[in-house]
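Everything on this sheet refers to the single structure shown next.
Quick caveat, the model's predicted, so the values are computed rather than measured. Hydrogens, waters and symmetry mates play no part in the numbers below; they use all other heavy atoms, side chains included.
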Amino acid sequence: MVQRVLLQSDVHSKSDKSPVTVADYGSQVLVSFVLERELPSVPFSLVAEEDSGDLRKESGQDTLKRITDLVNDTLANDGSYSVAPLTTEDVLRAIDNGKSEGGSIGRHWVLDPIDGTKGFVRGDQYAIALALLDEGNVVLGVLACPNLPPTSIGSNQLHSSSNGVGSLFFAEVGHGAYTQALDGSTQTRVHVTDIENPEEASFFESYEAAHSSHDLSSSIAEKLGVKAPPVRIDSQAKYGALSRGDGAIYLRFPHSGYREKIWDHAAGCIVVSEAGGIVMDAAGNPLDFSKGKFLDVVAGIIVTNQKLMPSLLRAVKEALNEKASSL
């Protein structure tokens with residue numbers, strides 16, 4: 001609903017120039033609120049993307065009020081919780097519940113309240129991504145993708161769900177990955193594609209060239225013999241789509257100096273892994289979520305099935321070596 005009525009005044013820039021909207025904050029408030037109420041006896045630790053700093057400033061008061069109104073409207077319309085309307089202070093506290101640093105000890109929820117904010121603002125793909133870390137390992141993941149159709153997507157079906165339903169993906173370690181439409185229809189177990197010939201594969205990459213090097217991805221695809229054009233969509237919706245076999249490969253190569261955050265990959269990683277896929281960095285190392293908010297990865301992140309990974313790693317190594325020698 002917020003995506004449809006988003007105002008220009010609802011979109012702000014953070015200190016790193018990335019956009020943040022009332023929906024990012026509102027989603028974080030709602031997830032924090034629900035987790036605390038559903039798990040009252042469990043020590044609560046949440047590692048989340050947003051903080052309340054800008055909202056506590058004088059210039060943020062109008063935005064804070066709008067977030068508070070949206071959250072209260074959502075809780076009232078849902079009807080699952082009989083609580084007094086949240087105050088602005090309640091909202092600020094719920095946002096700042098996400099200040100945990102994570103790490104290798106204990107359990108931590110990991111949240112990206114709107115993953116793919118630029119896609120959200122554009123009216124395209126985005127995801128609400130929630131994962132659970134236990135002693136530094138991802139053991140649970142949920143991806144809600146409101147604009148991703150429940151049926152397979154191709155390069156001509158990228159923008160929004162034709163029936164307005166959207167897709168939910170969820171996985172628990174050792175128990176497989178599942179999907180269902182967001183309207184609550186029957187859940188279905190998902191599995192990555194079994195394609196082993198790279199020429200038959202299609203690959204996902206970030207919609208925004210600023211988020212990943214399209215040139216490098218193109219070079220890797222050429223070395224593999226991939227014939228299909230890239231499918232470019234925002235957010236961890238790529239992980240969800242790949243988990244059900246919509247594509248065979250996901251390539252992400254951020255520009256030099258960028259550090260990956262755990263909330264951008266934790267939920268998607270376990271969904272793909274439990275669907276039979278593999279998620280690695282460009283050197284073939286598994287992703288390590290035990291080091292706090294950041295992921296230490298070599299060059300980038302690559303995702304595919306077990307059969308394609310050896311040839312994909314070789315192509316990635318060749319392309320990276322060529323890029324380095326040309327500098």
Closest heavy-atom pair and its distance - [X], [Y]:
{"X": "Ile95", "Y": "Asp51", "result": "CG2-C, 3.6 Å"}
{"X": "Ala23", "Y": "Phe120", "result": "CB-CZ, 3.5 Å"}
{"X": "Leu320", "Y": "Ala299", "result": "CD1-CB, 3.8 Å"}
{"X": "Ala127", "Y": "Cys145", "result": "CB-SG, 4.1 Å"}
{"X": "Leu143", "Y": "Ala267", "result": "CD2-CB, 3.9 Å"}

Would [X] and [Y] pass as an ion pair if we require N to O under 4.0 Å?
{"X": "Lys65", "Y": "Asp69", "value": "yes"}
{"X": "Asp90", "Y": "Arg93", "value": "no"}
{"X": "Asp234", "Y": "Arg122", "value": "yes"}

Discussion item. Quick one about Glu36 and Asn97 (side-chain donor to acceptor, distance below 3.5 Å, no hydrogens or angles considered), yes or no?
Written reply: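 There is such a pair (donor and acceptor under 3.5 Å, judged by atom type) between the side chains of Asn97 and Glu36.
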Discussion item. Under 3.5 Å, is there a donor on one side chain and an acceptor on the other for Ser218 and Asp215?
Written reply: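 Side chains of Ser218 and Asp215: no pair found under 3.5 Å.
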Spell out, as yes or no, whether a donor-acceptor pair under 3.5 Å connects the side chain of [X] to the backbone of [Y].
{"X": "Ser290", "Y": "Gly136", "value": "no"}
{"X": "Gln28", "Y": "Ala94", "value": "no"}
{"X": "Ser167", "Y": "Pro149", "value": "yes"}
{"X": "Glu101", "Y": "Lys293", "value": "no"}

Discussion item. Please say yes or no: joined through hydrophobic side-chain contacts below 4.5 Å, possibly via intermediate residues, are Leu168 and Ile128 part of one cluster?
Written reply: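 No, Leu168 does not connect to Ile128 through the hydrophobic network.
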Worksheet item: Would you say the side chain of Val31 lies within less than 4.5 Å of the side chain of Pro113, judging by non-hydrogen atoms?
Response: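 No - every pair of side-chain heavy atoms lies 4.5 Å or more apart.
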Worksheet entry | Point-to-point distance, once rounded to the nearest 0.5 Å, from OG of Ser52 to OH of Tyr25 |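 Going from the OG atom of Ser52 to the OH atom of Tyr25 covers 8.5 Å.
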Worksheet item: Using the benzene-type ring in the case of Trp, are the ring centres of Phe169 and Tyr239 under 6.0 Å apart?
Response: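 Centroid separation for Phe169 and Tyr239: 6.0 Å or greater.
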